[in-house]
K.L.:
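I have a structure here, written as structure tokens, and I will follow up with some questions on it.
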2 protein chains.
Amino acid sequence: MQSKPSHKTIRDIAELAGVSLMTVSRVINNSPLVRESTREKVMAIIEEQKFKVNITARSLVSQKTYTIGVFFSTIEHKVSDSFTMQCLREIYNTLAPGYNMVVKDFSQGLYEYNPSRTDGIIFISMQESDDEFISLIQQENPKIVVINRRTSIPNIINITIDEEAGAKAAVELLIRKGYKNIGLINGQPNIQANIDRANGYYQALQEARLPVNAARIYNGSFNFEGGYLMMTRLLQNTPDVDAVFCANDEIAVGALKALEERGLKGKIAIVGFNDSEIGRYTTPPLTTVHKPVDEMARQGCKALFDLINGKEHSELRHVLPTELVIRKSATKKID
Amino acid sequence: MQSKPSHKTIRDIAELAGVSLMTVSRVINNSPLVRESTREKVMAIIEEQKFKVNITARSLVSQKTYTIGVFFSTIEHKVSDSFTMQCLREIYNTLAPGYNMVVKDFSQGLYEYNPSRTDGIIFISMQESDDEFISLIQQENPKIVVINRRTSIPNIINITIDEEAGAKAAVELLIRKGYKNIGLINGQPNIQANIDRANGYYQALQEARLPVNAARIYNGSFNFEGGYLMMTRLLQNTPDVDAVFCANDEIAVGALKALEERGLKGKIAIVGFNDSEIGRYTTPPLTTVHKPVDEMARQGCKALFDLINGKEHSELRHVLPTELVIRKSATKKID
DNA sequence: TTGAAAGCGCTACCAC
DNA sequence: GTGGTAGCGCTTTCAA
């Protein structure tokens with residue numbers, strides 16, 4: 001003696017409307033093959049009964065989940081919250097109608113991954129070791145896009161930002177302003193952005209025929225604490241430094257704090273990276289490199305839906321340019 | 001002439017293993033009703049074929065989606081990124097095994113909501129107007145939890161934080177330190193946290209028999225810019241203010257910036273709210289109110305899974321306490 | 001323009 | 001222990 005389930009199905013609606021369940025299906029799918037009067041009759045019952053189509057049943061037959069995955073290298077503290085949220089917001093706002101987004105981190109590997117749960121995936125990748133996991137997934141589900149980090153996986157859509165050129169431009173600015181002993185405070189060494197930004201730093205120095213001094217280069221973490229600790233250490237070990245390129249804005253904020261404590265604020269130039277909101281509210285306001293995260297996320301999301309919808313995407317790799325944002329933390333050197 | 005689909009089903013595995021599909025089903029569900037040798041044989045084929053169960057099909061018959069919704073009042077700029085990320089991280093880490101989380105904002109209302117897509121929902125609510133939407137959803141799907149904001153909806157699990165007591169404690173601290181002309185910089189007036197924190201401010205003043213002066217109260221936005229703009233206006237209009245309670249830490253950072261520009265840093269005490277990371281790296285370091293966001297999110301998520309699993313939850317409402325974090329931005333008043 | 005039948009991939013239920 | 005059958009709620013295909 002089974003009682004009826006509480007939710008309504010198209011069969012219930014069909015009975016109430018005195019039509020077949022196929023007609024109801026046509027109505028909810030906006031098929032033109034329904035007489036207008038029939039459609040109205042069915043729609044009235046649907047509204048009255050507050051009927052909502054069962055997405056699971058639809059998914060089973062259509063072989064689509066109407067869900068995409070947004071997978072982070074790690075949802076933990078490796079990147080700044082503002083960056084993560086910027087990605088999520090932009091992807092959310094670019095979702096195709098009717099689509100949901102599932103947020104996951106893939107630091108635990110394949111263990112919980114099941115291709116039947118998503119129509120496609122955007123990877124926000126941070127480090128080279130991600131590629132192993134991404135390739136495995138690619139074999140089962142080719143509808144994937146990698147953003148934020150250059151990947152060497154073939155035949156994959158990969159939207160990145162020219163981190164190296166951005167970092168180089170930042171250091172070149174410092175050189176133009178008259179700084180010669182330029183330090184570098186970086187984040188976790190395994191993060192690709194770290195490697196790229198360090199390369200930009202090296203290049204700028206080399207092209208200006210300035211020596212690269214390993215004693216001025218520090219690796220910490222991409223956060224306030226990393227910046228503070230490394231700047232403190234840098235000031236102790238290499239007090240001749242006159243400017244520091246910080247690999248992101250959080251590091252720069254921490255570095256400014258260390259300068260302030262030693263009464264050196266304004267004496268040593270600081271440049272950040274990312275153009276986070278906070279940089280406009282530091283003292284002095286932060287010169288930084290604008291990273292077009294919104295654009296990257298949007299393009300990645302659009303490319304994924306093109307893939308899902310079977311549209312060909314001719315350009316597999318897309319590298320977006322950065323832009324220098326000049327504020328007061330790196331003005332002309334005064335001796 | 002239809003070619004076989006690329007993905008494997010339990011039927012394929014059954015054929016390859018020479019058993020019925022029921023046996024395969026039992027194996028993937030860890031049923032004890034399978035002979036060990038049979039299990040091993042089937043498992044070998046599963047691994048060899050890289051078979052993964054189709055979650056959609058399982059969902060259709062089990063009437064479970066293995067997905068929860070994490071719905072924000074708005075994913076846009078009403079709250080700080082650090083708060084949003086803290087909620088997401090903690091919920092993610094509290095998810096039951098096999099569960100996915102879908103992140104959405106419900107600023108657009110019911111339009112896209114479909115109860116067949118989630119087994120339950122955690123609402124991170126910000127404003128009273130959310131209740132209308134939440135009640136509508138509650139009718140179709142009673143497995144919901146509301147966190148962050150007191151809701152008047154009956155029979156609903158509601159985990160909040162005693163914002164009022166936290167704000168009151170912060171202002172009482174200022175009073176104890178000798179401040180008398182205490183301003184308030186708040187966020188958007190419709191946000192509940194705003195109302196609660198303002199009430200805490202009023203209460204502390206009233207209990208200390210200090211006058212509440214409307215000219216010292218400013219409403220802006222819960223971000224750096226709001227703090228900066230309102231502090232600037234406050235300094236112009238009511239220069240007798242000797243301390244300011246800011247409704248969150250981002251506001252406090254903006255306010256410190258405005259003070260610094262006028263050479264007033266250290267002269268006017270500042271207290272924030274939330275205990276965000278940034279507060280440890282301002283100058284001076286920020287005295288603030290610790291909001292146990294992690295705990296709130298974790299309890300909300302656990303309660304939701306209790307609900308989903310049919311466990312009774314005796315305590316519907318839970319209010320978590322805050323804690324004062326004393327740093328240098330609000331030391332004893334010096335005249 | 002409408003409807004009947006088949007079946008998506010899986011689990012619940014019953015039989016052996 | 002194992003297998004057959006029904007059916008979750010929907011769309012696709014074909015027939016009327």
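In what follows, every chain begins at residue 1, and chains take the letters A, B, ... in the order their sequences are listed. Scope of the values below: all heavy atoms of this structure, side chains included, with no hydrogens, waters or symmetry mates.
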K.L.:
Whole-Å distance between dG9(C) C1' and I46(B) CD1?
P.N.:
14 Å

K.L.:
Would you indicate which nucleotide in dT11(D), dT11(C), dG3(D) comes nearest to any side-chain atom of S20(B)?
P.N.:
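Nearest listed nucleotide: dG3(D).
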
K.L.:
According to a strict under-4.0 Å criterion, is T23(B) in side-chain N/O contact with OP1 or OP2 of dG3(D)?
P.N.:
yes

K.L.:
Looking for any heavy atom pair under 4.0 Å, which part of the strands does T9(B) touch: base, sugar-phosphate only, or nothing?
P.N.:
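Result for T9(B) = sugar-phosphate.
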
K.L.:
Rounded to whole Å, how long is the line connecting atom CG of N29(A) with atom P of dT12(D)?
P.N.:
7 Å

K.L.:
Rounded to the nearest angstrom, tell me the gap between atom CD1 in I10(A) and atom P in dG3(C).
P.N.:
12 Å

K.L.:
Is there a donor N/O on one and an acceptor N/O on the other, under 3.5 Å, for the side chain of R39(B) and the base of dG1(D)?
P.N.:
no

K.L.:
Please give, in whole Å, the distance from dG9(C) C1' to N114(A) CG?
P.N.:
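The distance from CG of N114(A) to C1' of dG9(C) comes to 12 Å, rounded to the nearest Å.
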
K.L.:
Taking atom CD of Q49(A) as the centre, report whether more than 12 heavy atoms of other residues, nucleotides or ligands fall under 6.0 Å from it.
P.N.:
yes

K.L.:
Roughly how far, to the nearest 0.5 Å, is the CD1 atom of I134(A) from the OG atom of S129(A)?
P.N.:
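Rounded to the nearest 0.5 Å, the OG-CD1 separation comes to 9.0 Å.
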
K.L.:
Nearest-nucleotide wise, let me know which of R11(A) and R26(A) is further upstream toward the 5' end of DNA chain D.
P.N.:
R11(A)

K.L.:
So, is R35(B) near the phosphate of dG1(D), with a side-chain N or O under 4.0 Å from OP1 or OP2?
P.N.:
no

K.L.:
Roughly how far, to the nearest 0.5 Å, is CG of N141(B) from CD1 of I121(B)?
P.N.:
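One finds 5.5 Å between CD1 of I121(B) and CG of N141(B).
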
K.L.:
Does dT11(D) have its OP1 or OP2 closer than 4.0 Å to a side-chain nitrogen or oxygen of Q63(A)?
P.N.:
no

K.L.:
Look at the side chain of M22(A) and decide which nucleotide, out of dA4(C), dT2(D), dC10(D), has an atom nearest to it.
P.N.:
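So the side chain of M22(A) is nearest to dA4(C).
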
K.L.:
Compare all side-chain heavy atoms of R317(B) with those of T160(B) and state whether any distance is below 4.5 angstrom.
P.N.:
no

K.L.:
Measure from the side-chain heavy atoms of N54(B) and tell me the nearest of dG9(D), dT2(D), dG9(C).
P.N.:
dG9(C)

K.L.:
Are any of H7(B)'s side-chain N or O atoms less than 4.0 Å away from OP1 or OP2 of dG9(C)?
P.N.:
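H7(B) to dG9(C) OP1/OP2: side-chain N or O found under 4.0 Å.
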
K.L.:
Of the nucleotides dT2(D), dT11(D), dT2(C), which has the atom closest to the I28(A) side chain?
P.N.:
dT11(D)

K.L.:
With respect to the side chain of L33(A), which nucleotide from dT11(C), dT11(D), dT2(C) is positioned closest?
P.N.:
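Between dT11(C), dT11(D), dT2(C), the one nearest the side chain of L33(A) would be dT2(C).
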
K.L.:
Does the ring pair (Phe, Tyr, Trp, His ring centres under 6.0 Å) test come out yes or no for F123(B) and F106(B), once each step is laid out?
P.N.:
CA-CA 9 Å; F123(B) 288 97; F106(B) 55 106; 5.2 Å; yes

K.L.:
What is the distance from NZ of K64(A) to P of dG9(C), rounded to the nearest Å?
P.N.:
16 Å

K.L.:
Do Q63(B) and H7(A) make a side-chain contact, defined as non-hydrogen atoms from C-beta onward lying under 4.5 Å apart?
P.N.:
yes

K.L.:
Rounded to the nearest angstrom, tell me the gap between atom CG in L21(A) and atom P in dA5(C).
P.N.:
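Computing the L21(A):CG to dA5(C):P distance gives 12 Å.
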
K.L.:
L60(B) side chain: which of dC8(D), dC8(C), dC10(D) is closest?
P.N.:
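Side chain of L60(B) sits closest to dC8(D).
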
K.L.:
Given dG3(C), dC10(C), dT11(D), identify the nucleotide with an atom nearest to the side chain of S25(A).
P.N.:
dT11(D)

K.L.:
Checking all strands, does T38(A) fall into the base, sugar-phosphate, or nothing category for heavy-atom contacts under 4.0 angstrom?
P.N.:
sugar-phosphate

K.L.:
Starting from P on dC10(C), measure out to CG on N30(B) and report it in whole angstrom.
P.N.:
16 Å

K.L.:
Using whole Å, what does the distance between atom P of nucleotide dG3(D) and atom CD of E15(B) come to?
P.N.:
13 Å

